**Student:** 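Here's a structure for you.
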Amino acid sequence: METPRISEELQEGLHALITHQQPDSDPTLKFLGRSLRRERVERLTIFIDRTTPTSIYNTSLIEEAVEQWSDENQQISEVIETGCLGLISAEPVIGIQVPGRARLYYGPVEPADIAGMLDAITKQVIPEENLIGQMIMTGQQPWEDIPDWKKHPFFVNQSRTITSLNGVINPSSISDYIAWGGYRTFYSSIRNYSGQELMKLIEQSGLRGRSGSGFLASVKWIKAAGTTSDKRYVLCNADESDPGGYMHRVLIESNPHLILEGIMLAAYIIGANHAIIYTRSRYRTAVKRIQCALGQVRELGLLGQDILHSGYTLDIQLKRGPGAFVCGEETALISSLEGKRGSPRTKPPYPATSGLFGKPTLVHNIETLAQVPMIISKGPDFYKQTGTPGSTGTKLFSLSGKIKRLGVVEVPFGTSLGAVIDGIGGGTRNGRPAKAVLLGGPSGKFIPVSKFNLPLDLDKFNEENLVLGSGSMVLLDDDSCPINLIKNMMDFIRQESCGKCIPCRDGSKRIMEILSLISSRSLPENKYEALDRFKGVTGMLELAEVMQSTSLCGLGKCAPNPLISGMELFREELEEHVFDRTCRARVCLNMRSFMVDPVACNGCNLCFVKCPEKAIIGSPRLVHYIVDDLCTGCGKCFEVCKFNAILVN
Amino acid sequence: MSTEFVDLLKKYPAGRRENLIPILQELQDQHGYIPEPAVSAIAEYLEIPAVKIYSVATFYNEFRFNAGGKYHFQVCQGIGCQVDGSERIRSELHRLLEIEPGEITADGWFSLEWVPCLGVCQEAPVLSVNGELYAKMTPVRLKELVDKFRNR
Ligand SMILES: Cc1cc2nc3c(=O)[nH]c(=O)nc-3n(C[C@H](O)[C@H](O)[C@H](O)COP(=O)(O)O)c2cc1C
Ligand code: SF4
Ligand code: SF4
Ligand code: SF4
């Protein structure tokens, strides 16, 4: 793995930025900081988001377009890679900055747009198409009449603290992070404060786990620090196993050093000399970013023996998770790190007293650890100003499904669900009525539109018996079928169950079978089969309750959540599936029925050729006909007909 | 011990079970799958029975014991994609290739895998073939894609 070497001169500068009491009081350091923050640039600078979602758009073509424009116009330009601002539906997002002026963000941008945009901007004319806004930094002259990017509806009600540098800095450059004040907190902590002193700050901050548990962090920290042992570990859980969420991947890809600093502080505070960051190996870009970041901190001497002459020794290792939902569970994760099958074990003992290799291990979600630098640097009183008294600070959510503005958002705890979905997310994509939101993925519950005024607050959610989850929010509109989604999630659970407990392993399989029967078409079914189907439906809830109460780990315990909440909320739709055998959203495959519209059909014969079931009769130039009994509802005819002559019911 | 894997194994201390998964990952990175002879080599080196290695390796969906197809399809199983109809893509792919996830077609051309959110929900449903992403898939576009590969 290659890490670009940091020149000795720069290393010196970076050390000074970390260790100097007030870097801004020293003109040389101030200049260095401003340059590294790119508050001043000497040439035309283009910032290109290179996080995973952009891989689909071939952003290197944008880079080529910039180069070509620069050659043709004899301009010197520089392209800098960045992370993601969060607004993924506007990808590919780029920033354009000319010397002396504020940076402009655009998205979505096509390579073909580049020349025109650069022509205009270098002539001080600002194209407004696809403009997100301008980002004004110290000492820059703002563009007139151009909105601040923070006023954009996606950003205006966010409270970007742990994501504040996402999309702004180059995630592969430690200088960027340091220039924005990075690692200063770590340095001053290990030089000037004891672990116990800092622990007080964590206690006072009220920090709670962001993985969905909402567990009070300090309880674990005190346990882990207080258990006598020759070795202690900090384990950063960046597995992000919820298939509906992507906020952690975006966070790592956009600002990996923040995570490292959080881990380093936690390790110092509980007195650990070893830390591990565990992320799934499928997150290739994230893995690369962490590897690169680790190389850089080692090179600068921020990890290793006697860090910056403080006497403190720490190393962080990256471990790649080989992909299993259950490995997000802390004890399963630990098993996996020990080289075993990733099955959960019973608790207690909790990892904080006996974790990795039997040693005290502080396991935290990546987002929880990302809060730590701010708690220490700004103090608990400042930290507690954001959020609610019980849930302090901010929370990340990833918006997906039928939402208009997709992406990663950071809002204070206590913000209402509606403010996120309708305000930040802009409601549904096609303006169709929203149906519900699924929070917490396959372990989560549906929340109906009528409860959109609910504040996103851990205690409030507990009170309402709802699940806040790790932050995945999936919006369903009236074109989405909850029954289908529940079935697919149960299928996911079936695949991912570690098989240790029978209720989880077999229960998920059985429920999945019942749901499959419900959501497929009424193929000729004899009396017994029909009876079986009804029996299945009536027994499903009972099965779900057994799973909930007798499964060992959260995977099995929470797996019935979507089903139970869905059956309550979407009773009518469920009954339609069961009794009428129709899916009103027309999502359930094999449940739709198809008909040829005799007026629109021009007899092109295409559907006849394509129907895999030979369910269509007709000859060229004549109106075609679908034999309902043969049709399995695969939808092929609908896909191929160029004349909108296939009607779906 | 077969000498083929010695260089790789030597990077890890002998007899330490916690290195099993990193070793398997490195093998998989190198070969695209875990070659059978490697298992006995690892067993000897880490001093654990080969069955244990299979038991661990089969637990995780990342590890494979056969080479992937020439075209390896990974379909996003993220909830965002599901809401936008990835089930149709999956069932169509099933039908077209006639294999289950984890399997490979008899001619060795295609293999199939369902993967967690690829993070491009705005372009859902998405799939990736040998790492390249294809967005806004429909059964018709899928068929075209498969045909294109078949005719190469
Ligand atoms: C099935 C299952 C999957 C989990 N997946 C994750 C995950 O992907 N990331 C995570 O941080 N915690 C996950 N957890 C929770 C962890 O067990 C653990 O509680 C968490 O890492 C503690 O972090 P926190 O205190 O910062 O919230 C999962 C739990 C279960 C039962
Ligand atoms: S509940 Fe399911 S995943 Fe959890 S330990 Fe039991 S079988 Fe394994
Ligand atoms: S494809 Fe459409 S237009 Fe052509 S025969 Fe079928 S229904 Fe008629
Ligand atoms: S839905 Fe499928 S099976 Fe039914 S008529 Fe159309 S192509 Fe044939």
Side-chain angles (χ1 to χ4, degrees), chain A residues 51-53 55-56 88-89 91 240-246 249-250 280-282 284 319-325 327 336-343 357 398-402 406-407 438 441-442 472 474-476 480 484-485 488-489 492 495-496 498 587-589 612 634-636 639-640, chain B residues 16-26 28-29 46 48 52-53 55-63 74 76-88 90-92 95 101 114-124 126 128 131-136 138-143:
Chain A
T51 48
T52 300
S55 61
I56 210 160
I88 292 183
S89 46
E91 299 283 12
E240 189 151 70
S241 44
D242 174 351
Y246 50 85
R249 191 198 60 230
V250 168
R280 49 178 58 222
S281 62
R282 286 230 175 77
R284 286 183 208 283
K319 293 284 181 188
R320 294 185 297 154
F325 179 34
C327 282
S336 153
L337 284 174
E338 291 169 350
K340 302 178 192 148
R341 289 165 70 96
S343 290
F357 304 115
S398 65
L399 308 183
S400 62
K402 302 285 189 174
L406 252 128
L438 177 68
S472 78
V474 183
L475 181 64
L476 308 190
S480 327
N484 191 272
L485 188 59
N488 282 331
M489 281 187 300
F492 177 77
Q495 291 167 40
E496 295 292 331
C498 82
V587 170
C588 288
L589 288 183
C634 74
K636 195 88 206 180
E639 303 273 348
V640 297
Chain B
R16 299 274 294 272
R17 177 169 185 168
E18 71 262 29
N19 292 315
L20 175 58
I21 291 171
I23 291 174
L24 292 173
Q25 283 174 325
E26 205 175 326
Q28 171 118 352
D29 285 348
L46 294 183
I48 40 180
K52 278 256 173 334
I53 298 180
S55 143
V56 168
T58 50
F59 183 86
Y60 300 100
N61 39 35
E62 180 181 314
F63 298 125
Q74 295 177 307
C76 181
Q77 212 186 13
I79 299 178
C81 270
Q82 281 181 27
V83 171
D84 273 316
S86 68
E87 192 184 12
R88 299 165 73 181
R90 286 195 273 156
S91 75
E92 185 67 7
R95 220 172 55 76
W114 309 150
V115 295
C117 186
L118 291 164
V120 269
C121 313
Q122 80 275 24
E123 299 287 340
V126 287
S128 99
E132 195 176 327
L133 288 168
Y134 294 86
K136 294 212 157 71
T138 62
V140 174
R141 291 195 51 208
L142 185 66
K143 175 86 173 26

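Below, chains carry the letters A, B, ... as their sequence lines are ordered, and counting in each starts from 1. As the structure is a prediction and not an experimental result, all values here were calculated from the model.
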**Student:** What part of B/Gln28 is in contact with chain A, defined as an atom under 4.5 angstrom from a non-hydrogen atom: side chain, backbone, both or neither?
**Tutor:**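 Neither part.
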**Student:** To check you understand the geometry: which heavy-atom pair defines the closest contact between A/Ser480 and B/Val83, and what is its length?
**Tutor:** OG-CG1, 3.9 Å
**Student:** Give, as side chain, backbone, both or neither, the part of A/Leu406 having an atom under 4.5 angstrom from any heavy atom of chain B.
**Tutor:** side chain
**Student:** Which pair of heavy atoms, one from A/Gly339 and one from B/Leu20, lies closest together, and at what distance?
**Tutor:** O-CD2, 3.7 Å
**Student:** Can you measure from CZ (B/Phe63) to OG (A/Ser281) and round to the nearest 0.5 angstrom?
**Tutor:** 7.0 Å
**Student:** Any chance you could lay out the salt bridge (Lys or Arg N to Asp or Glu O under 4.0 Å) test for A/Arg280 and B/Glu62, step after step, and finish with the verdict?
**Tutor:** CA-CA 10 Å; A/Arg280 49 178 58 222; B/Glu62 180 181 314; over 6 Å; no
**Student:** Would you give the length of the straight line joining atom CD of B/Glu87 to atom CG of A/Asn484, rounded to the nearest 0.5 angstrom?
**Tutor:** 4.5 Å
**Student:** Could you tell me which of B/Ala57, B/Ser55, B/Ser86 has the largest number of non-hydrogen atom pairs under 4.5 Å with chain A?
**Tutor:** B/Ser55
**Student:** What verdict does the side-chain contact (heavy atoms from CB on, under 4.5 Å) test give for A/Arg320 and B/Asp29, after you've listed the backbone C-alpha separation in whole Å, the side-chain angles of each residue and the deciding distance to 0.1 Å?
**Tutor:** CA-CA 12 Å; A/Arg320 294 185 297 154; B/Asp29 285 348; 3.0 Å; yes
**Student:** Looking only at non-hydrogen atoms, find the nearest pair between A/Lys319 and B/Pro22 and report the distance.
**Tutor:** NZ-CG, 4.0 Å
**Student:** Give, as side chain, backbone, both or neither, the part of A/Glu639 having an atom under 4.5 angstrom from any heavy atom of chain B.
**Tutor:** both
**Student:** Checking A/Leu337 against B/Glu18 for the side-chain contact (heavy atoms from CB on, under 4.5 Å) test, could you report, in this order, the C-alpha distance in whole Å, the side-chain angles of both residues, the deciding distance, and whether it holds?
**Tutor:** CA-CA 6 Å; A/Leu337 284 174; B/Glu18 71 262 29; over 6 Å; no
**Student:** B/Arg90 versus chain A, heavy atoms under 4.5 Å apart: side chain, backbone, both or neither?
**Tutor:**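 The side chain, not the backbone.
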**Student:** Side chain, backbone, both or neither: which part of B/Ala135 has a heavy atom under 4.5 Å from chain A?
**Tutor:** both
**Student:** Between A/Phe325 and chain B, which part of the residue has a heavy atom less than 4.5 Å away: side chain, backbone, both or neither?
**Tutor:**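 No part of A/Phe325 comes within 4.5 Å of chain B.
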**Student:** So does B/Arg17 get a backbone contact from the side chain of A/Glu338, meaning a donor-acceptor N/O pair under 3.5 Å?
**Tutor:** no
**Student:** Given heavy-atom pairs under 4.5 angstrom as the criterion, report whether the side chain, backbone, both or neither of A/Ser336 touches chain B.
**Tutor:**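 Looking at A/Ser336, backbone and side chain both touch chain B.
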**Student:** Taking every heavy-atom pair that is under 4.5 Å apart, which of A/Gly401, A/Pro322, A/Ala324 has the most such pairs with chain B?
**Tutor:** A/Pro322
**Student:** Measuring from A/Glu91:CD to B/Glu123:CD, what's the distance to the nearest 0.5 Å?
**Tutor:**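 Here the interatomic distance stands at 10.0 Å.
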**Student:** Is it the side chain or the backbone of A/Ser343 that comes within 4.5 Å of chain B heavy atoms, both, or neither?
**Tutor:** both
**Student:** Tell me, for A/Leu475 versus chain B, whether the close heavy atoms (under 4.5 Å) come from the side chain, the backbone, both or neither.
**Tutor:**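 Only the backbone of A/Leu475 comes within 4.5 Å of chain B.
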**Student:** Non-hydrogen atoms of chain B under 4.5 Å away: do they reach the side chain of A/Gln495, the backbone, both or neither?
**Tutor:** side chain
**Student:** Heavy-atom distance under 4.5 Å to chain B: side chain of A/Cys327, backbone, both or neither?
**Tutor:**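 Looking at A/Cys327, just its side chain touches chain B.
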**Student:** Over all heavy atoms of both residues, which pair between A/Pro243 and B/Gln77 is shortest? Give the atoms and the distance, please.
**Tutor:** CB-O, 4.3 Å
**Student:** Locate the shortest heavy-atom distance separating B/Gly80 from A/Ser400; write the atom from each residue and the value.
**Tutor:** CA-OG, 4.1 Å
**Student:** Under 4.5 Å heavy-atom distance to chain A, tell me which part of B/Gln74 shows up: side chain, backbone, both or neither.
**Tutor:**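 Contact with chain A involves the side chain of B/Gln74 alone.
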**Student:** Looking only at heavy atoms, which two atoms of A/Gly321 and B/Gln25 are closest? And how far apart?
**Tutor:**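 For A/Gly321 and B/Gln25, the tightest heavy-atom pair comes out as C-NE2, 3.9 Å.
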**Student:** Atom CZ of B/Phe59 and atom NZ of A/Lys340: how far apart are they, to the nearest 0.5 Å?
**Tutor:**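 Reported to 0.5 Å precision, the distance equals 13.0 Å.
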